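What you see is a predicted model; the values in this text were computed from it and never measured. Below, chains carry the letters A, B, ... as their sequence lines are ordered, and counting in each starts from 1.
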Amino acid sequence: MAALQFTIEQKDSGSRARAGRIITDHGEIPTPIFMPVGTVGSVKAVTQQQLKEEVNAKIILGNTYHLYLRPGLDVLEQAGGLHRFNGWDRPILTDSGGYQVFSLAGSRKITEQGVVFQSHIDGSSHLFTPENVMDTQRTIGGDIIMAFDECPPGGSEYQYAKNSMELTHRWLDRCISRFTETSDKYGYTQNLFPIVQGGVHTDLRKASCEYISSKQAVGNAIGGLSVGEPIDKMYEICSLCCDHLPLDKPRYLMGVGTPWNILEAIEMGVDMFDCVMPTRNGRNAMLFTSNGIINIDNKKWEKDFSPIDSGIDCAMSNYYSKAYLRHLMKSKEYLGLTIASVHNLAFYLWLVTKAREHIVAGDFASWKAGMVIQLQQKL
RNA sequence: GGGCAGUUACCAGAGUGGCCAAAUGGGGCGGACUGUAAAUCCGCUGUCUUUCGACUUCGGUGGUUCGAAUCCACCACUGCCCA
């Protein structure tokens with residue numbers, strides 16, 4: 001059993017994009033990659049079989065905060081970790097709960113020691129520290145686990161962002177200490193990714209990248225983006241981070257994003273992505289297709305019996321019609337949620353696979369320029 | 001034949017003299033969603049107008065009143081009960 005390895009197989013000639021491969025004990029991950037989000041150990045409305053056979057997912061996410069609250073660590077430990085528990089035998093990445101510091105801002109308190117959360121399930125209080133978040137992620141059993149960070153809102157002003165970043169750095173040191181002191185729990189290697197913060201402030205981001213880089217982790221994450229800042233700022237900061245993070249380690253842009261966001265970031269040299277958008281928006285009737293965006297609730301699809309998306313290689317997307325999916329969504333049938341989610345995820349995986357092919361072929365930038373426009377069209 | 005209840009916008013259903021273009025729910029239409037407190041949330045849903053506002057609506061006709069979805073008379077239709 002070995003630590004995560006990353007190899008770059010091909011660099012794009014016209015941009016910073018790269019085609020690589022991550023090797024973990026649970027299998028290989030070609031990059032760039034999109035990772036479906038399975039917060040509570042389930043990619044909502046999608047089975048693990050569908051993730052493999054229809055979506056072609058290589059790695060999925062789980063969330064520390066949610067899994068800690070339910071089913072709880074005793075269940076996960078007795079199950080033998082999340083892989084055994086949910087039947088997903090490919091790699092898993094667990095987020096640390098840092099995002100919940102942002103999204104549950106109304107029911108948590110941050111101190112130097114850590115964060116006290118009030119459970120969204122029953123209101124009970126729980127203290128998360130860098131140390132116990134490492135222990136918890138060890139127990140959940142992610143192949144890649146994330147440092148515990150504070151994710152400040154996109155509009156945070158300089159001083160807040162600076163304090164927040166410095167806190168995240170101190171927490172990182174504590175995460176690394178605890179992570180180093182403890183062992184892999186289930187026989188395969190677990191790998192820690194630190195997270196860059198610094199808001200939308202370039203000097204903070206640069207400093208954070210340098211600090212994070214000095215830790216020489218096997219991979220690095222860019223956090224604190226797509227949290228309310230203008231989209232141009234997101235691109236600017238992402239690009240800057242890619243200039244200051246190690247070239248030979250995978251870069252993970254957390255929580256991003258739209259298909260065109262992902263293409264832009266790939267061009268900057270990002271290798272890994274996750275986002276709830278394909279699943280959540282899918283459940284809410286928004287489909288991403290190789291031709292553009294569809295609101296499947298719109299009446300215009302009522303009698304459109306053509307496949308959902310014949311431009312990608314997902315069997316489900318080619319089998320079911322837009323009219324049928326609209327009917328299912330309008331009728332609030334569970335199957336509609338599944339088809340929409342599977343399709344959107346398959347599209348995202350198709351997109352990063354195509355991106356990789358074009359990087360290898362050496363024409364990524366020109367292909368991307370056309371796709372960014374095409375994918376945003378409202379059909 | 002007699003008695004009682006009812007008829008409101010796409011549907012269901014409040015409203016019983018002015019604060020009613022008319023509650024609420026459903027349906028319809030549109031939008032939002034970026035490390036998931038989300039199968040959620042937000043608009044619009046008589047006509048014209050960007051707004052202000054104007055106009056036409058509450059089974060039909062006529063009436064009472066300054067003013068009627070609301071009161072009265074007759075008519076039409078529906079449901080239940082008694083013969």
Side-chain angles (χ1 to χ4, degrees), chain A residues 34-46 59-67 69-70 93-108 117-123 133 137 142 144-154 168 193-197 221-231 234-235 238 252-262 264-265 270 272-288 293 295-302 325-326 328-341 344 348 378:
Chain A
F34 179 80
M35 307 180 284
V37 179
T39 306
V40 302
S42 152
V43 177
K44 294 186 192 300
V46 182
I59 170 174
I60 63 174
L61 261 65
N63 186 282
T64 300
Y65 167 83
H66 296 268
L67 290 167
L69 288 180
R70 201 164 53 191
L93 181 152
T94 52
D95 186 29
S96 61
Y99 186 75
Q100 279 63 47
V101 176
F102 161 74
S103 67
L104 301 175
S107 53
R108 91 290 188 270
F117 287 102
Q118 202 167 14
S119 162
H120 69 281
I121 298 169
D122 62 7
V133 164
Q137 291 187 93
I144 298 171
I145 72 176
M146 301 305 299
F148 190 50
D149 62 335
E150 187 200 349
C151 180
T168 291
F193 278 29
I195 303 172
V196 175
Q197 288 291 348
I222 302 164
L225 291 178
S226 67
V227 285
E229 77 285 1
I231 206 73
M234 182 181 94
Y235 288 142
C238 179
Y252 164 29
L253 177 57
M254 305 185 76
V256 173
T258 64
W260 44 97
N261 288 164
I262 287 172
E264 297 289 359
V270 175
M272 303 164 69
F273 301 88
D274 80 282
C275 192
V276 303
M277 194 170 275
T279 42
R280 178 189 288 169
N281 290 29
R283 292 195 305 280
N284 294 326
M286 182 176 183
L287 304 182
F288 298 96
I293 295 167
N295 180 345
I296 201 64
D297 277 345
N298 288 175
K299 193 177 182 63
K300 68 204 299 186
W301 309 114
E302 186 181 32
L325 180 54
R326 177 177 192 271
L328 293 176
M329 297 301 283
K330 281 294 182 189
S331 305
K332 303 207 183 306
E333 281 291 321
Y334 298 145
L335 182 56
L337 306 179
T338 294
I339 295 173
S341 299
N344 275 349
Y348 267 65
K378 291 195 174 178

Assign Glu264(A) to base, sugar-phosphate, or nothing according to its heavy-atom contacts below 4.0 angstrom with the strands shown.
nothing

Return yes if the base of U36(B) and the side-chain atoms of Thr279(A) contain a donor-acceptor N/O pair under 3.5 Å, otherwise no.
yes

Give Asp149(A) one of three labels, base, sugar-phosphate or nothing, depending on what nucleic acid heavy atoms sit under 4.0 Å from its own.
base

What pairs meet the side chain to side chain donor-acceptor pair (under 3.5 Å) rule with one or both residues in residues 35-44 of chain A, with sequence neighbours excluded?
none

Pick the P atom in U56(B) and in U47(B), then give their distance to the nearest Å.
16 Å

If you look at every strand shown and take non-hydrogen atoms under 4.0 Å, does Met286(A) touch a base, only sugar-phosphate, or nothing?
base

What nucleotide, of U36(B), U34(B), C33(B), holds the atom closest to the side chain of Asn284(A)?
C33(B)

Would you indicate, yes or no, if A37(B) has its OP1 or OP2 atom less than 4.0 angstrom from a side-chain nitrogen or oxygen of Ser103(A)?
yes

May I ask you to verify if any side-chain N or O of Thr39(A) is less than 4.0 angstrom from the OP1 or OP2 atom of U36(B)?
yes

Are any of Lys378(A)'s side-chain N or O atoms less than 4.0 Å away from OP1 or OP2 of A32(B)?
yes

Quick check: closest heavy atoms across Thr258(A) and Met277(A), and the distance to 0.1 Å?
CG2-SD, 3.6 Å

Looking for any heavy atom pair under 4.0 Å, which part of the strands does Tyr334(A) touch: base, sugar-phosphate only, or nothing?
base

Look at Arg280(A) and U34(B) and indicate whether a side-chain polar atom (N or O) is within less than 4.0 Å of OP1 or OP2.
yes

Taking only the side-chain nitrogens and oxygens of Asn295(A), find out if one of them lies under 4.0 Å from OP1 or OP2 of G31(B).
yes

